[in-house]
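First the structure, in the form of structure tokens, and then the observations on it.
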There are 2 protein chains.
Amino acid sequence: MPDSKPPGSPRRSDTTRTAILDAARERFAADGYERATIRAIARDASIDPSMVMRYYGSKEGLFAAAVAVDLKLPDLTALPREEIGRALVTHFLDMWEENEVLTALLRVGVTNEAGAERMQGIFRDQLLPVARTVCPDPEQVPARAALCSTQLLGLALTRYVLRFPPVVTLPREEAVAWLAPTVQRYLTAPHP
Amino acid sequence: MPDSKPPGSPRRSDTTRTAILDAARERFAADGYERATIRAIARDASIDPSMVMRYYGSKEGLFAAAVAVDLKLPDLTALPREEIGRALVTHFLDMWEENEVLTALLRVGVTNEAGAERMQGIFRDQLLPVARTVCPDPEQVPARAALCSTQLLGLALTRYVLRFPPVVTLPREEAVAWLAPTVQRYLTAPHP
DNA sequence: GTCTATAATTCGATAGAC
DNA sequence: GTCTATCGAATTATAGAC
């Protein structure tokens, strides 16, 4: 964290570091934790495998650094109640498509505790505040946010990871049109 | 498949074979493909690792055999239209809880092509016939079945694999009450 | 900072005695 | 059928020259 150099002088290693992290995200997203080897990541980044160890200490450290980006969350709490479902689905599709971090986290989290916990933290941080502003009963907020996560993660799983053909084929607008009412209902409808 | 022995005489190896498959399902479900080692599976089954190779040839062969059980599918096509959502959610929760095969398939399928294809086949075989009987437009059947798979697999992912606490805590009846209308809508509601 | 060389494990798979 | 022994390959991680 502490940077002893003045702001205007980027260290030479910075470009190497980001190249490593980019390659790591790509490999973790494509292959999962075990099959994404340090050697392959280093090869993708056009550097020596030992540099990865030098910079990030271990494979676990590399993974932690690769997924330690904070995903910008637009303020959805100001939206009208009726639009929250559509806004959430759209926002999450944006997040999955603009970044490989979430795909990497999902592929790794399925067999890696650290990945699962981080994925859980992201969904908690993003869904709970929204749920709090629209849920009728504060006591139901965690359960309703959790229900939303099942639908949103299920879409990501089948579309970006398992790649079920009918889900991959589904146009983005159509997916939004179908899922938005579901998320809307999980958040705002009376308890069934 | 061909059994040269008379029906009344179980081969001695049969008990060993099923012990191996049981242990394999457990390990694949808990650890995924890479981390479930043949040695660990053999240790769980209290036999020698070389026996696994002798019986199943390779690790891939073992996995294929472990997940090659046919899941009995009750006939849901005879149900009244209005109950199909609840019946499907209940049926899938039963399948996930009575058997480790689906958890193993999901954990493996995320990083293994063979697992992903088998998972896709199961959902296709189970959902398409049901969707065909209740969908208004035959052309929309694959998309609507796919939408159901996103919600059902999302529940399984967060509840049985990632183990999000609020989803794990959710009582089974409550999960059914929330998801049933979703699945019902994906199958029978007019295109949004 | 970068690279070579290699240590130390671990795994899947094989050969062969009994 | 069962087990011992081991091969060959791949991995993470380290030590040290330049």
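Distance, B/R17 CZ to D/dT2 P: 10 Å, rounded to whole Å. Between the C1' atom of D/dT4 and the CE atom of B/M51 lies a distance of 14 Å, rounded to the nearest Å. When rounded to the nearest whole Å, the span between CZ of B/R54 and C1' of C/dT14 equals 13 Å. Atom CG in B/D48 sits roughly 7 Å away from atom C1' in D/dT2 (whole-Å rounding).
Using cut-offs of 30° and 60° on the angle between ring planes, the pair A/H191 and B/W178 is perpendicular.
Nearest nucleotide to the side chain of B/S50, out of D/dT12, D/dC3, C/dC3: D/dC3. Each of D/dT2, C/dG1, D/dA13 was ranked by its minimum atom distance to the side chain of A/S58; first place goes to D/dA13.
Between the side chain of B/R39 and the base of C/dT10, no donor-acceptor pair under 3.5 Å is found.
Between the side chain of B/S149 and the main chain of B/A146, a donor-acceptor pair closer than 3.5 Å is present.
Residues A/L155 and A/L76 fall within the same hydrophobic cluster, defined by Ile, Leu, Val, Met, Phe, Trp and Tyr side chains chained together at heavy-atom separations under 4.5 Å.
Listed in residue order, the members of residues 21-37 of chain A having a heavy atom less than 4.0 Å from DNA chain D are A/T37.
Under a cut-off of 6.0 angstrom, the local environment of CD in A/E139 is sparse, with at most 12 non-hydrogen atoms contributed by other residues, nucleotides or ligands. Within 6.0 Å of atom CD in B/E60, 12 or fewer heavy atoms from other residues, nucleotides or ligands are found, so the atom counts as exposed in its surroundings.
A 4.5 Å side-chain heavy-atom check between A/V108 and A/R118 finds every atom pair outside the cut-off.
Remark: B/Y55 is in phosphate contact with D/dT2, judged by side-chain N or O atoms under 4.0 Å from OP1 or OP2.
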